[in-house]
Amino acid sequence: MKKNYQVIIVGGGLAGLTASLHLRQQGHSVLLVEKKTYPHHKVCGEYVSNEVIPYLQSLGVSFEGLRPKVIDTLLLSSPEGKSVHTELPLGGIGISRFAFDDLLYKKAMDSGVDFFLGEVTAVEYNEDRFKVRTATGEEFNSELVIGAYGKRNTLDKNLNRTFIHQKSSWLGVKAHYRYDEFPDNLVALHNFKGGYGGLSKTETGVVNFCYLASYKSFKKEKNIADFNTNIISENPFLKEFLNKAQPLFGQPLTIAQISFHSKSPVERHILMCGDTAGLIHPLCGNGMAMAIHSAKIASELICDYLKSQNRNRARLENEYRKLWNRTFQKRMRTGRKLQALLLNQKAASLGVGLAVRFPNVLNRIITLTHGKPI
């Protein structure tokens, strides 16, 4: 296996895989390091806004064989069950990460991206070059590195990122269920005391239920089963779902210490993409699209940089930081405000009531948390 590349990507989720595919199709040598084999499930809402579909198609990514669900309607409910439906301005697709990541992985492999399965323990920058070290002792070198390893990683500690030292009080839980009554075209966002959860169908027809809960709310119960029964089921929509749906996982997937604190898009000359650069609140419903869009921004800038006769790393980093903030910062701020509103039970009830009376308000909020087609 080669040891020297133009670009090394740490992390093989949506952002990492998309960037690897884009860069390789432009003729650059790319190594992607991912610690898990494909395919695998991830804690994720599994709804993708249509804003990124044209870009994926330009990379030759086709969903035709998978037949994901076409989603065009949102259902929003407050903890006590007050609810409102609205049409999604752009709409999206329901597809599992199990299938989506594997689709991109196979496409990247066919394009000539090199893969190494293992955990990255250190990324060192010296004399305008990177050295990437793995847990099993391998070392790889490159001119550029993209960080796309997700919400939280031991690498964040090694890089001494600011957010890693701040308290994170959120837990993510995800599982698939068989529930044929759930509409194919619907994504539902239901609030409960101390959190909120999303429901939508994937390409296989199963329903993905992914929720975010505060530790303060969760720690009062002994386990996930008790939390589902005693807290989540206070929302009548979720109570009906959990009573009727058949769980398909032996145990739900979980991820702890989810942080919504601000992160920098560039750390020690590494360009960060997806959740590694910043995590939008799941209630906004387009984290997957943002990950893909951030990969597009980074890849286009990197292609220009590598083709230039007068490479300027500082200019590359400043341009990426500027474009990332211009593209996503407003959405992130809106997401933080929405979360604060919906986690207050009285405010959530009033907000849903307002949306019932004035549907354009909800459509405006959706627009603020989503981008235009790319």
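A quick note: this is a predicted structure, and the numbers were derived from the prediction, not measured.
Note: the hydrophobic cluster containing Y38 also contains M288 (ILVMFWY, side chain heavy atoms under 4.5 Å, direct or indirect links). Residues I95 and V206 do not share a hydrophobic cluster, defined by chaining ILVMFWY side chains whose heavy atoms lie under 4.5 Å apart. A single hydrophobic cluster is seen to contain both V61 and I374, as judged by linkage of ILVMFWY side chains at heavy-atom distances under 4.5 Å, directly or through other members. When hydrophobic clusters are built by joining Ile, Leu, Val, Met, Phe, Trp and Tyr residues whose side-chain heavy atoms come closer than 4.5 Å, directly or via intermediates, L242 is grouped together with L186. Connection of M272 to V132 is established within a shared hydrophobic cluster, with ILVMFWY side chains joined at heavy-atom distances below 4.5 Å, either directly or through further cluster members.
Rounding to the nearest 0.5 angstrom, the gap separating the CZ atom in F182 from the NZ atom in K244 is 13.0 Å. Note that the NE2 atom of H85 and the CG atom of L76 stand 10.5 Å from one another [nearest 0.5 Å]. The distance from atom OG1 of T202 to atom CD1 of I93, rounded to the nearest 0.5 Å, is 11.0 Å. Rounding to the nearest 0.5 Å gives a distance of 10.5 Å between CZ of F63 and CD of E203. Taken to the nearest 0.5 Å, the CG atom of N191 stands 11.5 Å off from the CD1 atom of I232. Atom-to-atom distance recorded for L14:CG and M290:CE is 13.0 Å, nearest 0.5 angstrom.
Across S20 and A108, no two heavy atoms sit closer than the pair OG-CB, 3.7 Å. The two atoms that bring P265 and N325 nearest to each other are CG-OD1, 4.2 Å, heavy atoms only. Contact record, I71 with D184: CG1-O, 3.8 Å, taken as the closest heavy-atom pair.
The aromatic rings of F328 and H293 sit perpendicular to each other, their planes meeting at more than 60°, with 30° as the lower class boundary. Aromatic ring orientation, H176 versus F249: tilted (interplanar angle from 30° to 60°).
With 3.5 Å as the limit, one finds a donor-acceptor pair spanning the side chains of H22 and Y55. A side-chain donor-acceptor contact under 3.5 Å links N160 and H165. At a cut-off of 3.5 Å, with distance as the only test, no side-chain donor of E46 or S200 sits close to an acceptor on the other residue. No side-chain donor-acceptor contact under 3.5 Å links Y196 and N235. Side chains of D156 and Y149: a donor-acceptor N/O pair is present below 3.5 angstrom, by distance only.
R311 CZ: more than 12 foreign heavy atoms inside a 6.0 Å radius. Residue K222 places its NZ atom among 12 or fewer non-hydrogen atoms of other residues, nucleotides or ligands, all under 6.0 Å distant. No more than 12 heavy-atom neighbours from other residues, nucleotides or ligands sit within 6.0 angstrom of NZ on K36.
Side-chain contact between Q257 and K151 is absent, with no heavy atoms from C-beta onward closer than 4.5 Å. A heavy-atom distance below 4.5 Å is found between the side chains of H269 and E317. Counting only heavy atoms from C-beta outward, the side chains of R313 and Y125 approach each other to under 4.5 Å. Looking at heavy atoms from C-beta onward, L316 lies out of side-chain contact with N312 at the 4.5 angstrom threshold. Counting heavy atoms from C-beta on, the side chains of L271 and W324 never come closer than 4.5 Å. E143 places none of its side-chain heavy atoms less than 4.5 Å from the side chain of I302. Looking only at side-chain heavy atoms (C-beta outward), S29 and Q6 come within less than 4.5 Å of each other. No side-chain heavy atom of Y179 sits under 4.5 Å from any side-chain heavy atom of K201.
Under a 4.0 Å N-O distance rule, the pair E319/R315 does not qualify as a salt bridge. Using a 4.0 Å cut-off between charged nitrogen and carboxylate oxygen, D110 and K106 do not count as a salt-bridge pair.
Aromatic pair Y177/F241: centroids less than 6.0 angstrom apart. If you look at Y105 and F115, their ring centroids are closer than 6.0 Å.
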TODO: Please lay out, stage by stage, how L155 and N158 fare under the test side-chain contact (heavy atoms from CB on, under 4.5 Å).
DONE: CA-CA 5 Å; L155 196 56; N158 294 336; 4.1 Å; yes
Could you walk me through whether K42 and E34 pass the salt bridge (Lys or Arg N to Asp or Glu O under 4.0 Å) test, one step at a time? CA-CA 14 Å; K42 288 187 174 181; E34 163 61 31; 5.1 Å; no
- Item | I8/F130 under side-chain contact (heavy atoms from CB on, under 4.5 Å): CA gap, chis, key distance, verdict | CA-CA 9 Å; I8 294 177; F130 286 96; over 6 Å; no
Exercise for review: Using the side-chain contact (heavy atoms from CB on, under 4.5 Å) rule, take L75 and H190 through it: C-alpha gap first, then chi angles, then the decisive distance, then the call.
Suggested key: CA-CA 8 Å; L75 168 64; H190 298 300; 3.7 Å; yes
Please lay out, stage by stage, how L31 and S142 fare under the test side-chain contact (heavy atoms from CB on, under 4.5 Å).
CA-CA 9 Å; L31 172 69; S142 67; over 6 Å; no
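Partners of Y320 under the side-chain hydrogen bond (donor to acceptor under 3.5 Å, both in side chains) rule, at least two apart in sequence or in another chain, do not exist in this structure.
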